[in-house]
*Asks:* 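Dropping a structure here in structure tokens format, bear with me for questions.
When reading the values below, keep in mind they use all heavy atoms of this one structure, side chains included, and skip hydrogens, waters and symmetry mates. Note that the coordinates shown come from a computational prediction; the quantities given were computed from them, not determined experimentally.
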Amino acid sequence: MSTCTSCGRDDEDTVAVRRVYLVLPDGAPTDPGSIEELAEATVVDEDEDWCATCRDQYPHVLRS
Ligand SMILES: [Zn+2]
């Protein structure tokens, strides 16, 4: 077991990930239904280790 770098819990197995931010282009409509479609995914250049809960809740990519 190890500590989740996102929420800090240390009682669950974590997986090596990188956080992904979804960035809306300027002028895009803010309709929540279209955000995932329009947003550009930006992968953060920082290694993190996340528990299953955080991997469920936040966009990310797995590190190999
Ligand atoms: Zn977590």
Side-chain angles (χ1 to χ4, degrees):
M1 286 184 284
S2 50
T3 303
C4 174
T5 53
S6 179
C7 68
R9 69 186 294 172
D10 57 8
D11 59 348
E12 233 187 280
D13 285 334
T14 58
V15 170
V17 300
R18 286 193 169 181
R19 183 186 299 268
V20 173
Y21 283 114
L22 296 177
V23 181
L24 278 176
D26 285 343
T30 50
D31 170 18
S34 60
I35 284 180
E36 296 221 344
E37 209 171 297
L38 294 170
E40 294 188 27
T42 302
V43 180
V44 176
D45 189 20
E46 184 182 322
D47 294 347
E48 298 195 53
D49 299 284
W50 285 8
C51 69
T53 304
C54 290
R55 281 181 279 123
D56 269 356
Q57 276 187 295
Y58 306 110
H60 63 280
V61 292
L62 298 178
R63 282 173 10 237
S64 47

*Asks:* So, for Ala41 and Val20, which heavy atoms are closest and what is the spacing to 0.1 Å?
*Replies:* CB-CG1, 3.7 Å
*Asks:* Roughly how far, to the nearest 0.5 Å, is the OG1 atom of Thr3 from the CG atom of Asp49?
*Replies:*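 Here the rounded value is 9.0 Å.
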*Asks:* What's the separation between atom OH in Tyr58 and atom OG1 in Thr53, rounded to the nearest 0.5 Å?
*Replies:* 9.5 Å
*Asks:* Taking only residues two or more places apart in sequence, or in another chain, which ones meet Ser2 in a side chain to side chain donor-acceptor pair (under 3.5 Å)?
*Replies:* Thr14
*Asks:* Measuring from His60:NE2 to Leu62:CG, what's the distance to the nearest 0.5 Å?
*Replies:* 5.0 Å
*Asks:* Are Trp50 and Val15 linked, directly or through other ILVMFWY residues, by side chains that come within less than 4.5 angstrom of each other?
*Replies:*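 Result: yes, single cluster for both.
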*Asks:* Identify, with sequence neighbours excluded, every residue that meets side chain to side chain donor-acceptor pair (under 3.5 Å) alongside Thr5.
*Replies:* Glu48
*Asks:* With sequence neighbours left out, what residues match Asp45 under side chain to side chain donor-acceptor pair (under 3.5 Å)?
*Replies:* Arg18
*Asks:* Side chains of Arg19 and Ser6: does their closest heavy-atom pair fall under 4.5 Å?
*Replies:* yes
*Asks:* Output all residues satisfying side chain to side chain donor-acceptor pair (under 3.5 Å) with Asp11, sequence neighbours left out; order by chain, then residue number.
*Replies:* Arg9
*Asks:* If a pair satisfies salt bridge (charged side-chain N to carboxylate O under 4.0 Å, His left out) and one of its residues is in residues 53-64, list it, with sequence neighbours excluded.
*Replies:*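 Sorted pair list: Asp47-Arg63.
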*Asks:* Which atom names give the shortest non-hydrogen contact between Cys4 and Cys51, and what distance separates them?
*Replies:*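 Shortest heavy-atom contact: SG-N, 3.4 Å.
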*Asks:* SG/Cys7 to CD/Glu12 distance, rounded to the nearest 0.5 angstrom?
*Replies:*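 Interatomic distance, Cys7 SG to Glu12 CD, rounded to 0.5 Å: 8.0 Å.
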